[in-house]
S.K.: 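What follows is a structure written as structure tokens; I'll ask about it next.
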Amino acid sequence: MKIQSMKTILNDLSYPGRGIVIGLNPSGTCAMTAYFIMGRSANSRNRVFVTEGEGIRTEAFDPSKMEDPSLIIYAPVRKLGDKLIVTNGDQTDTIYDGMKAGKTFEQSLQVREFEPDGPNYTPRISGLLDFEGSYSYSMSILKSANKNPDSCQRFTFDYAAPVKGEGHFIHTYQANEEPLPSFEGEPRLVEIPETAKEFSDLLWANLNDENKVSLFVRSVNLTTGEVDTIITNKNE
């Protein structure tokens with residue numbers, strides 16, 4: 001698979017929806033992850049990321065304008081021991097509870113499906129950074145079978161030996177069409193910058209300005225455990 005730049009990908013996609021990137025910086029010193037949300041409706045755009053414990057959650061920027069909290073208010077990032085969970089919905093809690101009870105990442109997601117928001121049937125995308133022993137990561141997508149609400153397709157991708165300067169990017173929508181087409185294929189192989197700030201600046205500058213809402217970026221030093229987290233909200 002040919003490696004791509006996030007700048008090129010995002011400039012070609014006006015509406016990738018929600019996206020997760022996980023990888024390793026070029027020096028091999030830090031695990032890197034990012035999660036962004038976008039929105040086309042006023043309800044979706046009326047959100048910000050806020051810190052919650054060692055993770056984050058979404059909340060309404062203007063609570064008086066919140067129309068429907070389902071599917072848009074959740075905790076995208078949670079930490080469980082030596083693991084960091086990153087998702088685009090409340091399956092974060094499903095993974096957290098399942099793994100806490102001894103299940104694997106993949107087993108925990110068996111009870112979930114794509115979002116019930118026909119005709120789009122938005123995929124549920126999830127990522128897991130595992131720092132137990134040597135660093136590794138996994139990604140998952142739960143999607144409908146060509147918009148068939150009666151059939152859920154489940155795909156999990158495991159990356160046991162991350163490569164320096166490389167990562168993977170998975171997002172909910174393939175294009176800005178109606179209905180919104182689900183992501184296709186395996187996660188895209190992408191270039192990863194050295195620092196959280198470089199990564200955050202790159203992503204925020206190239207996400208579609210009209211549709212971008214919030215961005216979370218985190219680096220974790222694999223030797224010291226030092227964490228650098230950057231949250232950027234369009235609504236400030």
S.K.: Give a yes-or-no answer on whether the side chains of Asn25 and Glu194 include a donor-acceptor pair shorter than 3.5 Å.
M.R.: yes

S.K.: Closest approach of Leu129 and Ala31, non-hydrogen atoms and distance?
M.R.: CD2-CB, 4.3 Å

S.K.: Would you kindly say whether Thr87 and Thr92 are connected by a side-chain donor-acceptor distance under 3.5 Å?
M.R.: yes

S.K.: Using every non-hydrogen atom in the two residues, find where Leu203 and Ala34 come nearest and quote the distance to one decimal.
M.R.: CD1-CB, 3.5 Å

S.K.: Decide whether Ser41 and Asn43 meet the rule of one side-chain donor and one side-chain acceptor closer than 3.5 Å.
M.R.: no

S.K.: Which atom names give the shortest non-hydrogen contact between Phe216 and Phe49, and what distance separates them?
M.R.: N-CE1, 3.7 Å

S.K.: Does Gln110 CD have over 12 foreign heavy atoms under 6.0 Å away?
M.R.: yes

S.K.: Hydrogens and angles aside, do Asp130 and Ser136 bring a side-chain donor and acceptor to less than 3.5 Å of each other?
M.R.: no

S.K.: Check this for me, if you would: do Asp90 and Arg124 make a salt bridge, where the nitrogen-to-carboxylate-oxygen distance has to be below 4.0 angstrom?
M.R.: yes

S.K.: Indicate, with yes or no, if Met139 and Ile141 share a hydrophobic cluster defined by side-chain heavy-atom contacts under 4.5 Å among Ile, Leu, Val, Met, Phe, Trp and Tyr.
M.R.: yes

S.K.: Quick check: closest heavy atoms across Arg18 and Tyr74, and the distance to 0.1 Å?
M.R.: CD-OH, 3.7 Å

S.K.: Looking at every non-hydrogen atom in both residues, tell me the closest pair between Asn206 and Leu202 and how far apart they are.
M.R.: ND2-O, 2.8 Å

S.K.: Between the side chains of Asn211 and Arg45, does any donor sit under 3.5 Å from an acceptor?
M.R.: yes

S.K.: Any chance the side chains of Thr122 and Asn120 put a donor and an acceptor closer than 3.5 Å?
M.R.: no

S.K.: Can you confirm whether Asn146 is buried at CG, in the sense that more than 12 heavy atoms of other residues, nucleotides or ligands lie under 6.0 Å from that atom?
M.R.: no

S.K.: Please set out all donor-acceptor pairs under 3.5 angstrom arising from side-chain atoms of residues 95-105, sequence neighbours excluded.
M.R.:
{"unit_1": "Thr104", "atom_1": "OG1", "unit_2": "Gln107", "atom_2": "N", "d": "3.0"}
{"unit_1": "Thr104", "atom_1": "OG1", "unit_2": "Gln107", "atom_2": "OE1", "d": "3.4"}

S.K.: Given side-chain contact (heavy atoms from CB on, under 4.5 Å), test His168 with Tyr159 step by step and report yes or no.
M.R.: CA-CA 9 Å; His168 291 87; Tyr159 304 96; 3.2 Å; yes

S.K.: Do Lys164 and Pro26 come close enough that some side-chain heavy atom pair is under 4.5 Å?
M.R.: no

S.K.: Assess the residue pair Arg78 and Glu54 against the criterion (side-chain contact (heavy atoms from CB on, under 4.5 Å)); give the C-alpha distance rounded to whole Å, side-chain angles, the decisive distance to 0.1 Å, and a yes or no.
M.R.: CA-CA 7 Å; Arg78 293 187 69 181; Glu54 296 181 274; over 6 Å; no

S.K.: Under a 4.0 Å threshold between the charged nitrogen and the carboxylate oxygen, would Glu59 count as salt-bridged to Arg57?
M.R.: yes

S.K.: Is the ring pair Phe157/Phe155 parallel, tilted or perpendicular, if the boundaries are 30 and 60 degrees?
M.R.: parallel

S.K.: Report the C-alpha separation of Gln174 and Leu180 in whole Å, then their side-chain angles, then the decisive distance to 0.1 Å, and conclude whether the side-chain contact (heavy atoms from CB on, under 4.5 Å) test is met.
M.R.: CA-CA 8 Å; Gln174 196 75 5; Leu180 288 161; over 6 Å; no

S.K.: Using a strict threshold of under 4.0 Å (side-chain N to carboxylate O), is an ion pair present between Arg40 and Glu178?
M.R.: yes

S.K.: Taking all non-hydrogen atoms of both residues, which atom of Pro123 and which atom of Phe114 are closest, and how far apart?
M.R.: CA-CB, 4.3 Å

S.K.: Which is it for Ser14 and Asn176 under the side chain to side chain donor-acceptor pair (under 3.5 Å) test, yes or no, and what are the steps along the way?
M.R.: CA-CA 7 Å; Ser14 65; Asn176 192 3; 3.2 Å; yes

S.K.: Distance alone, cut at 3.5 Å: any donor-acceptor contact between the side chains of Arg218 and Thr33?
M.R.: no

